Amino acid sequence: MRGSTHRAATDHAAVAAAARAERGTWMLAGLYPSSMTAKSVAKHIARGSEKYPAYLPGGFEAYAARSGEDEALWIRYVAGDPPVPPLPDRMTVRVCNRGDGRAYVGVFIVTVTISTLCPVCGGPRGWDRVRPHRFCEDGEWLSVDKWDNPCGHLDTYAAVLRESRERQLPPPPPLIEPARDDEELSEPVALIVQAAAERRGMHAAQAALLLEQHGHAEDADAVRAEIKASRGHMSAKQAATFLRDRDRRALPNSTDGTSTRTHA
Ligand SMILES: [Zn+2]
């Protein structure tokens, strides 16, 4: 966004049209002096509220994040197929640590977990563009990660190290915990787990479709409701976890008549 539009009234119609034209691409929709306002607008847009008709009938994701003095509103259009991978909240990368002083102390490779949002503009970092980079220093071959950000802001290793020290984030949780030894996954959960293992970056919407195709319409609906509740940020594995946790909760009293199975 150009500086001249700074804090100007957001042209939601133009932003929504641009986002529709570039499905899956995050766009800066506006800057708000108040973080609360920006967060509220994001919530309304993501829910398909009638307060923001430019985004109807829905299909948008939205979030608010710090950008300098302001709060930036970021949106993207995700309706349709193929599903757009969700934006994770954290990313784990290997960076170079060359010490804090001016003296050459060699290089250490450090693994850090940082937010997936650019600290300058709040836009998504290039979390899906992380690639390994091998280099030779002091006669030793080392590997770090490199990425570029769609917003164009550069992440230096020194700044990333500082950021990880100032705001320590736990590494992302495993996508699905291993099943308990005595636990048998239900057919819908097993279906998703298997498909997700073969298909990297599988979205929960694809999992719902898969369930539907295998005759689990009710579970598909439950997953879709959960996708909506999580503003579209849901992977297939998270969908499997969601169903598995629901199954676990249902176990102690599964004689509530929802089972269609009859006594043998
Ligand atoms: Zn940025």
Side-chain angles (χ1 to χ4, degrees), residues 1-12 14-46 52 55 60-78 84-98 110-133 144-172 201 230-233 235:
M1 178 171 279
R2 287 175 297 274
S4 58
T5 53
H6 184 76
R7 289 189 184 191
T10 300
D11 185 349
H12 287 293
V15 166
R20 281 195 184 93
E22 269 189 78
R23 182 178 168 273
T25 303
W26 287 101
M27 302 204 174
L28 180 57
L31 293 169
Y32 295 78
S34 150
S35 143
M36 256 175 62
T37 309
K39 285 188 166 68
S40 155
V41 177
K43 212 181 275 178
H44 279 293
I45 292 172
Y52 294 91
Y55 302 94
F60 284 87
E61 291 179 356
Y63 70 83
R66 205 80 208 141
S67 172
E69 302 265 284
D70 295 307
E71 193 86 358
L73 170 68
W74 286 85
I75 63 135
R76 69 171 174 176
Y77 184 64
V78 295
V84 177
L87 173 65
D89 62 347
R90 284 162 272 172
M91 60 197 269
T92 297
V93 285
R94 296 166 300 172
V95 300
C96 289
N97 184 349
R98 296 183 175 279
V110 186
T111 299
V112 295
T113 297
I114 51 171
S115 160
T116 44
L117 303 185
C118 168
V120 179
C121 68
R125 276 176 158 144
W127 64 273
D128 50 355
R129 305 178 184 185
V130 177
R131 55 197 184 276
H133 169 69
V144 282
D145 290 316
K146 282 191 167 217
W147 66 94
D148 53 286
N149 296 327
C151 60
H153 293 126
L154 184 73
D155 282 323
T156 65
Y157 287 144
V160 165
L161 275 171
R162 231 174 6 250
E163 181 183 330
S164 74
R165 276 194 288 253
E166 281 162 14
R167 192 173 160 227
Q168 293 201 358
L169 295 173
S230 58
R231 294 167 32 193
H233 293 250
S235 67

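The basis for the numbers below is simple: all heavy atoms, side chains too, and nothing from hydrogens, waters or symmetry mates. Start at 1 and go down the list; that is how both ligands and their atoms are numbered. Values in this document were obtained by computation on a predicted structure and should not be read as measured data.
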* Can Arg23 be said to sit on top of Tyr77's aromatic six-ring, NZ or CZ under 6.0 Å from centre and within 45° of the ring axis? -> no

* Under the salt bridge (charged side-chain N to carboxylate O under 4.0 Å, His left out) rule, collect the residues that match up with Arg129, sequence neighbours excluded. => Asp148

* Qualifying residues under side-chain hydrogen bond (donor to acceptor under 3.5 Å, both in side chains), relative to Asn97, sequence neighbours excluded -> none

* 2.8 Å shell around the Zn ion (ligand 1), exclusive bound, protein N/O/S atoms -> 4

* Structure fact -> The side-chain hydrogen bond (donor to acceptor under 3.5 Å, both in side chains) partners of His233 (sequence neighbours excluded) come to none

* Asked: How far does CZ of Arg76 sit from CH2 of Trp26, to the nearest 0.5 angstrom?
  -> 4.5 Å

* **Test item: Asp145 and Val95 side chains (from C-beta on) under 4.5 Å apart, heavy atoms** => no

